[in-house]
Amino acid sequence: MLSDAFDQAGNVVLISKLLQKKTTMQAGLVDHYDSLEYSDEIFNRFAHHGFANVMTNADNELDVKECRSIISQMEVNEKKNIVLLFRWQCFLTPQKLINFWTENMKRSGSTIGEM
């Protein structure tokens, strides 16, 4: 019943979580993620996803965290994943998101395909 409502809404965004396998952590690859955690499949079928991880300067979960920038996307297993905030923005005010990415591309020199 809830999955039917998600299907009819068409703009449901659920949170995903970027994860590192133990071997990736042990290799010391700090900003490398190799998997994602999602909600149950019954909810995912008709939903879009955005990751909710915040990149900080903390060495571990218990350290004080400070976040001064947002990572708009992260590649996991050769697939680009968009941060939750931007995924919501796609539905609420898509033109503002396009303007943000266009400005970001100008600064970084990347192309739309890379974004």
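Quick note: numbers below take in every heavy atom, side chains included, and nothing from hydrogens, waters or symmetry partners.
Residue pairs meeting the salt bridge (charged side-chain N to carboxylate O under 4.0 Å, His left out) criterion with at least one partner in residues 33-50, sequence neighbours excluded, do not occur; the list is empty. Every pair tested for side chain to side chain donor-acceptor pair (under 3.5 Å) that includes a residue from residues 14-23 fails, sequence neighbours excluded, so the list is empty.
By the 4.5 Å heavy-atom criterion applied to side chains, Val76 and Leu18 are counted as neighbours.
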Checking side chain to side chain contact (heavy atoms under 4.5 Å, CB included) for the pair Leu19/Leu36: CA distance, chi angles, key distance, verdict?
CA-CA 6 Å; Leu19 299 173; Leu36 284 160; over 6 Å; no
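Cluster partners of Ile42, using a side-chain heavy-atom cutoff of under 4.5 Å among ILVMFWY residues and allowing indirect links, are Leu2, Phe6, Val12, Leu14, Phe43, Phe46.
Proximity of a side-chain donor or acceptor of Asn11 to a complementary backbone N or O of Phe91 within less than 3.5 Å is not detected.
Atom-to-atom distance recorded for Phe51:CZ and Arg87:CZ is 10.0 Å, nearest 0.5 angstrom. The CD1 atom of Ile82 sits 10.5 Å away from atom NE2 of His48, with the distance rounded to the nearest 0.5 Å. Atom CD of Gln73 sits about 5.0 Å away from atom NZ of Lys80, to the nearest 0.5 Å.
Here the closest heavy-atom approach between residue Ile15 and residue Ala52 is recorded as CG2-CB, 3.4 Å.
Between Asn99 and Gln95, the side chains place a donor N or O and an acceptor N or O closer than 3.5 Å (distance only, hydrogens not considered). Remark: the His49 side chain and the Asn44 side chain contain an N/O donor-acceptor pair separated by less than 3.5 Å.
Tracing side-chain contacts under 4.5 Å through hydrophobic residues (I, L, V, M, F, W, Y), one reaches Tyr38 starting from Tyr33; they form part of the same cluster. No continuous path of hydrophobic side-chain contacts links Val83 to Trp88 [ILVMFWY only; heavy atoms under 4.5 Å].
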